[in-house]
Amino acid sequence: MQISQLQNPPDYRHDTVLPLPPGVRADAWAVDAACSGNPGPMEYQGIDLATGQRVFHFGPMKGTNNIGEFLAIVHALALCWQKGLHNKTIYSDSYNAILWVSKRKCKTKLERTTDTEKLYEIIERAERWLQTHHYRNPIIKWETQNWGEVPADFGRKQK
């Protein structure tokens, strides 16, 4: 079932204000990144699936979409850790970013230049956080094909 076919909110769900598919947990955050060009101005955000509210936002800063997806997951994990939300699920539509987080390393091929130095410092900080914290939050792949766009999507895709 596509998310666009759902009511907002569906009458069978009382745990969210968003039109979430039946298999998606509302006690979760969804993250996503957007980038204009590759590389280009990149930003990312996290959305609370129970309330629909933005939990965090970063950018824009010169980078790539994959870097933004990676940093969005790490940002969500660090915020959950800080708030003691150790079981909150994180949804991301980026297989690459989920893999990079699981390996605790951002495998970007973005050239390190004076334009990207600040971003590289943020990446290194995120990698250090992953290497020094043993989070237990589930990180789940958002199934865009079945569920529609992730709720944290910036809505800028060309049709």
Ion pair Asp93/Lys141, N-O distance below 4.0 Å: no

Lys/Arg N to Asp/Glu carboxylate O, Glu127 vs Arg104, below 4.0 Å: no

Short question: side chain of [X], backbone of [Y] - any donor-acceptor pair under 3.5 Å?
{"X": "Tyr135", "Y": "Asn87", "result": "no"}
{"X": "Asn137", "Y": "Leu85", "result": "yes"}
{"X": "Gln45", "Y": "Ala152", "result": "yes"}

Does any non-hydrogen side-chain atom of [Y] lie less than 4.5 Å from one of [X]?
{"X": "Leu49", "Y": "Arg25", "answer": "no"}
{"X": "Glu43", "Y": "Phe58", "answer": "no"}
{"X": "Val24", "Y": "Tyr91", "answer": "yes"}

Stepwise side chain to side chain contact (heavy atoms under 4.5 Å, CB included) check, Tyr95 with Trp100: CA-CA 9 Å; Tyr95 176 80; Trp100 291 358; over 6 Å; no

For residues 33-41, which side-chain donor-acceptor pairs fall under 3.5 Å, sequence neighbours excluded?
none

Any residue meeting salt bridge (charged side-chain N to carboxylate O under 4.0 Å, His left out) with Glu117, in chain and number order, not counting sequence neighbours: Arg112

Shortest non-hydrogen contact from Asp48 toward Ala26: OD1-O, 4.4 Å

Cluster overlap Ile140 with Trp142, hydrophobic side-chain contacts below 4.5 Å: yes

Side chain to side chain contact (heavy atoms under 4.5 Å, CB included) between Thr116 and Glu111, intermediate numbers included: CA-CA 8 Å; Thr116 60; Glu111 186 179 356; 5.8 Å; no

More than 12 heavy atoms from other groups under 6.0 Å of CZ on Arg125: no

Other residues, nucleotides, ligands: >12 heavy atoms within 6.0 Å of Lys103 NZ: no

In a table with atom names and distances, give each donor-acceptor pair under 3.5 Å that connects a side chain of residues 65-81 to protein atoms at least two apart or in another chain.
residue	atom	partner	partner atom	Å
Asn65	ND2	Glu69	OE2	3.4
His75	ND1	Tyr44	OH	2.9

